[in-house]
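Quick notes on the structure that follows.
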Amino acid sequence: MPLNTVGRNVRKVDGVKLVTGAPAFTDDIQMPGMLIGKILPSPHAHARILRIDTHRAKALAGVHAVLTWQDVNRVPHTTAGQAWPEPSPYDTYLLDSKVRFVGDRVAAVAAESRAVAEQALRLIEVEYEVLPPVLDMEQAMQPGAPMIHDEPDSKNIYDARRNVAAHIMREIGNVDEAFCEADYIFEREYRTQRQQHCMLEPHVTICWLDSDGRLVIRSSTQVPYHCRRQVAMILGVPVSRVHVIKPRIGGGFGGKQEMLLEDICGALTLATRRPVKIEYTREEEFYMARSRHPQILRMKMGVKRDGTVLASHLKVLATTGAYGSHASTVQGNTGSKVLPLFRASHLRFECDVVYTNTPVAGAFRGYGCPQGFFAMESLADEIAEKLKMDPVEFHRKNVIRQGDVDRLSAQLGEGREGLPRVVRSCGFPVCLQKAAAAIDWEKKRRSPVGHGSPVMHGVGMACTMQGSGIAGIDWASAFLKMNEDGSFYLQVGASDVGAGADTVLAQIAAETLGVSLDKIVITSGDTDFTPFDTGAYASSTTIITGGAVKKAAEKVRAQVLSLAAKMLDAPVESLTCGYNEVFCKDEARKAVSMTDIGLQALYKERLQIMDAASHFNTDSPPPFSVTFAEVAVDRQTGKIRVVHLVTAVDPGVAINPMQVEGQVEGAVTQGLGFALTEDLTLDESGRPRNPNFRDYKIFSAKDMPKLTTILVQTEEPLGPYGAKSVSEVPINGVAPAIANAIYHAVGVRIRRLPIHAEDLLRALHERQPEHAEEEVLVVQ
Amino acid sequence: MKTMPLCITVNGAVRQWTIAPGDLLLDVLRREGFFGVKRGCEKGECGACTVLLNGKPVNSCLVFAAQADGCDVMTIEGLASGGEMHPLQEAFLEHGAVQCGFCSPGMILAAKALLDRQPHPTEEQVREALAGNYCRCTGYKKPVEAVLRVAEKSNGAPRRHKAGAICR
Amino acid sequence: MFDQVEAFYRPESVAEALRLLERGKGHAHLVAGGTDLVAGGGRSVRFLIDLTGAGLSYIRKRDGVCAIGATTTMAELEESTALRAIAGGLLSRAAATCGSVQIRNRATLGGNLAHGSSAADLVTPLLALDAFVVVAHGLGRRKTGLAEYLERAHVRIGAPSLLVEVGVPESLRGARCGWSFQKFGRTETDISLLNAAAGLQLDAGGRVKWARLALGAVGEFPFRLFRVEELMTGRELDHTLLAEAREQVMRDVKPITDQRASAEFRRELSRVLAGRAWEECADQARHAI
C-alpha cells in the first residue's frame, strides 16, 4: 500500500507554538520564589583551592546559598550523557578543591536576582595555589608535565600520571605487511581546532522541589534519562525522587548530550528548598560548556598503482580538555567510522586522548568524524592527484559498498567490544553521480573559472559516512494509547532537540496506525511520563526510537483490528487500517471509524487500547554523504568564498524529506564554520580569547554559498520504513571538499582548520614544491 | 532599588510598567510575559531578541527599556491577528524554515520589517535583512525561500508604520 | 548588567545634557544607540543620559557643508539622499556595511566616533572627506578636525563635553571624481579587520588633481596617508603610479597584531585594498562626466 504520512513534507507538529513565540522553552516560565544561580569560574587554568571564604557572600542580602567543595558530597562521575556504565572516565566532581581549566567550578550561589548573585560571586574570597598548566596537547604526555588528575578517587582514567584519559589501539588485518605491498605510500599530518556548538539557546536549567519533595529538573537537555541517573547519584537522592522534564530545546548538536548544570542547580535547590535557575550567558556557553575535541591526525595510506587502497593507518593525538567527557568514544569514532570508508582490509587506528588545562571537550555533531574525514579525504585527494586519477574515480573504486562488512567497528564499540557492521543499504554510487553532475564537475575540473584574474575558482569533493544509533547500546521505548475520538497519545522518552524528532515519530505512528497525523499527540522527554530512551545522540532517534514507535504502533494496531473485527463481525485478516478507519480489504464500504472504535473500547468494552515496545539494533547502518564544493579564492588577500556546496546524502528512506533537507543544510553550515571561520582560542594563560560572537565567527545568512541538497533514498532493512539517519553525516565532508577545492583553485594544500585567509595568503607567497614539506612519496 | 514608570505600547496595547532605570528592554519584555523575545547573547550579535521598535528591527538586548518610553513595540506574539497567523509564520512552517525555533521569532520580525518597506525584495536583500539573525539549525536556505515566497504572493505596497498611542 | 543605575535622563537639549554630565561627576554615561555601551556592560554606571531626544538627529546642508547630528543613526546615514549625493555616497556606503539591520537602526554616528575603536567604519571615510567635528562644552562649541578629535578622544579633559555634530565639506566634487570604500572581514557582518576609503579627481589629461586615502583597523586609529596622497598628486594615473602608491602604503602603515589578524597580514591587505580602492576610484572617474 502506498505510504500516506511517511515520506511527506508535513509541517512540524510543534511548529505553530514556535512561530508564534508561545512559551515552550526551558526559560519560558516564571516560578514564584525562583532564585538565580551562578557559578564562580576559576580564573586559573590549573590551581589548588587552599582557602575559600564565603562568609561575606552569605551575608549579602538576598543570598540564599553559597556552596563550595566543603558543602557537597564528593562523588566521582562523568558528565557525558552516555548509557551506564559510561565509558568516559569518572573524573569530575560537583565541586572540587582543585580547578583544572579557566572556567572550572569554584563555587556556586543562589540569590534573589542576577545582580545579587553576581555581587555574591565577587564577595567570595579564594586563595589559590597556582600550578603550572598544560595547554598544549603535545606537551601533556611529556615527562615532567604537571599531572592534571592527581586525585586518587577518579576512575577509569587510562594513565593519569601521563595525563592520558584514554588510549585506543585497534588493528584489522596486517597493516605493516600491506604497506610493503603498496606501490605508493602517502603520509600527512592534519590539525583541527576547538569548535563550539553555538546553539542559539544557551544551556539553562531550572530545579525545584515539588509538593512531594521530589527534585524536579526542567532542563535544556538531549539526555533526560542520563541526567536523572547522574544527578541522583551525585546528590545522593534515589532516582525515583528525581523528575527530569525536557521542554522545547533551542538546539543542542551534542553540546547538550551532557549533564552540565543539572547537578549544581539541583544542589542549590536542595540547599535553599527554593526553585533555582542557572542560565549560561553566551560567554559562559563558549568556554564553560563543551566543544569539539581538537586533534592532530597523522594519516597514512598505502595504494597500488591502479589506485586501490590497500591499507590505512591513522594515528591521532586529541585533547579532551580538563575532563574526560566523551574522550574515548569521540576519538573511537574517528577511527571506526572513518577508516572503513575505503575497502582496504588492513586498517590500524591508534589514539591517545590527553588531558590539558583547557575547556572541556564533548559530543559535537559528527562526533570525531569531521576531524577524521578532514584528514582522510584530504589525503585521498593528494593520492588521486599523484596517481593522475579523477578524485571521483578514485572514490568510486575504493568506497565501501552494499554487502560489505566493516570489521573495524567490531573492535571499536562504545567502550566495549562492538559488533561488525554490515552495509545493507548504500547510495554512494548514485550520490557520487548526481552530486558531480549538480556542480558540473567535469567541466569545472578541466577549465576552472578565473584564469588570469586575482580570483581563481576550484572544485573539490569528499565522501563520508556515519552511523545510525550505537549498535547494541542505544535503545528506546514508546507507549501508545487510544482515545475516544480516534486519536492516540504517543509517549516517548526521546529528546526532540529541534531537528523535528517529534514530527518524524508522529509520522511513523500515524502511518502504522492508518490515521492522519493530527490524530497523534506526542509527548516526549519527561522521565515521569514517558518510557526510557537513551537520548538524542549518535543519529539514533529516527531509527531507534522510530523503531520502538513502529513496534508499539503495530501492537496497538492489532488491538484496534481485533475490536474492529468484533464490531464488523468480520475476520481480522480481512481488515486493514487507513484514513482514520478500519475497513474490509475487499469491501471498503464495510468500515468502522477510529472514533467509533475508541468510544466502543473505552465505554462499552471497558478496555483501554494501549501498548508499549522497546527497540534496539545490533548494527548501526551508515548513512552516506558526498560533498562537492566550488570555491573562489582571492589570491591577493587569501579570502576564500564558497560559491556552491552540493551535498548528496543517503539517509535511507526520508520519513520527512523537507526535514531531512533542513538537517543537511544546517549541518553543512556548521561544516562551513568548521572549515573556514570557527576557532575558540586561548591565550598563554589558558584564558579564552574570543568567547563571544564578535570574535568567534559563525556563518550568517549573508555568508552562505548556494546550497544544493540531493536526497538519494535507499531502503534500510533495519530502519522503520527503511530509514537510517541524517543529522550528523552531512557535516563531515565540508572541510575536506573545501580544502581540496582550494588546492584545485590555487595549488596550495592547507592541512590545518580553520582555513584562514591569512594562512592561505602566506602559503601562496611561500609556495614550495609539495615534497619539500614532509617525506611523502615512497615508491617501492 | 530605584524605579521609574514606563509607558509603552506592546503589540497594540498600551502598557504601564514599573522598571529600574538600567533595565534592558529584553529583560522587561520577558519579565512581563513576552517569552517570544529570546535571550541569545545579550550583546546584539545573534538577533534572537529582535523586536520591532516603531516598526524597525532592533536588538532589544541593547535598548534600555526607558529609551522605549512612548514607543511602539511589536514582538512575535503580536504578529498573528484574530487567530490567524501572519503569512510569514505560515510560510516558515510550510517551507520547513523552522527547526528548533529559537531564532524564528526574531527572524520572522526582521523579515516582516523588510517586507513592510520593500514588498518585493531580491534574494540578496532578504539575506541582508536577515544577516543579523543567527540560525544554527537551518543554514538559512529555507527561511530565505519562505520570505521570497511570501513576497511573491503578496501584491502589497510598502506599509508605513502606524505610531502607537501616546502615553503620558 | 546595569543594576547600579539610579536614574535615567532624557535631556531635550545639549545644554541640559551637559549640565547632567557635570552633576554626574564621572558616574554618568551617555547613551544613544547603546550598541557599544550596553554590549560593553556597565557596573559602574550610575546615571544614564539618553541623547536621542536632545535634537541631534539631523542631516542638513549649510554653507557648503553637510552637517550631521551626532545621534543620527547608521540606517539614516545609509538612506539619506543628501549624503548619497556627496562623494559618490561614500559615507552612506560605509554605513551600510556596519553590522546588521538591527545594529544600524540604533548605532549612531556620534557613538561610532566617540567609542574610539580603530575599526570604526564611519571614521575612515570621514577622514578621507576632511570632515570636522563640533564638540559642545559648558562655554560653547568648538570645531576640531576629526584626526585631532580622535587623538584626544581618550584624553580626559576637565569639563564635560559632548560630540554634537560632524561636518562634511562638500568641496571635493566636480567632473571625473571617484570614491571607494573597501572593507575586509572574516565574515560578511564582521567588524573590519581592515577598511579603506579613497577618493580622487582626474583632470582632463588623466592626471590626478587631488587624492585622498584613509585606512582603518590597521593601527591604533584610522588615519590619512598624506605621503601617498602627495605622491599621487599631479601624476598620471597609470599602473606605475598605482604600484608606487601601494608600496608607499606599505611603508606608511603601522599595523597591529591582534586576535583577528597579524600585523604582517594587515600590511599586505593595506597594499591590496588601497590598490583596489584606487582602481575603483579610477574607474568611476574615467566614466563620470
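Numbers restart at 1 for each chain; the letters A, B, ... are given by sequence-line order, proteins then strands.
Considering only heavy-atom pairs separated by less than 4.5 Å from chain C, the leading option among A:Lys702, A:Arg762, A:Glu758 is A:Glu758. In terms of heavy-atom pairs under 4.5 angstrom with chain C, the leader among A:Leu761, A:Asp695, A:Thr677 is A:Asp695. Top candidate by heavy-atom pairs under 4.5 Å with chain C, chosen from A:His756, A:Arg122, A:Gln119, is A:Arg122. Of the listed residues (C:Glu264, C:Arg271, C:Glu268, C:Glu188), the one with the most heavy-atom contacts under 4.5 Å to chain A is C:Glu188. With chain A as the partner, the residue from C:Ser262, C:Ala261, C:Gly275 showing the most heavy-atom pairs under 4.5 Å is C:Ser262.
Heavy atoms of A:Asp679 lying under 4.5 Å from chain C are absent altogether. Only the side chain of C:Phe184 comes within less than 4.5 Å of a heavy atom of chain A; its backbone N, CA, C and O stay farther away. Only the backbone of A:Ile698 comes within less than 4.5 Å of a heavy atom of chain C; no side-chain atom from C-beta onward does. Heavy atoms closer than 4.5 Å to chain C are found in both the backbone and the side chain of A:Thr637. Residue C:Leu193: no heavy atom, backbone or side chain, is found under 4.5 Å from chain A. A:Arg694 touches chain C through backbone and side chain together, each having a heavy atom under 4.5 Å away. Only the side chain of A:His765 comes within less than 4.5 Å of a heavy atom of chain C; its backbone N, CA, C and O stay farther away.
Between the side chains of A:Ser700 and A:Asp703, a donor-acceptor pair is found at a separation under 3.5 Å.
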The test is side chain to side chain donor-acceptor pair (under 3.5 Å); show your working for C:Glu280 and C:Gln182 and say whether it passes. CA-CA 10 Å; C:Glu280 192 182 333; C:Gln182 304 277 327; 3.1 Å; yes
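Between A:Phe253 and A:Phe364, the distance separating the two ring centers is not shorter than 6.0 angstrom. For an aromatic pair to be called close, the ring centres must be under 6.0 Å apart, and C:His29 with C:Phe47 fails this. The distance between the ring centers of A:Phe286 and A:Phe693 falls below 6.0 angstrom.
Two residues are said to be in side-chain contact when any heavy atoms from C-beta on lie closer than 4.5 Å; C:Leu163 and C:Leu113 meet this criterion.
Among the candidates A:Thr669, A:Val668, A:Leu672, the single residue satisfying the side-chain contact (heavy atoms from CB on, under 4.5 Å) test with A:Pro705 is A:Leu672.
Under the 3.5 Å distance criterion, the side-chain polar atoms of A:Tyr696 are matched with a main-chain donor or acceptor of A:Gln196.
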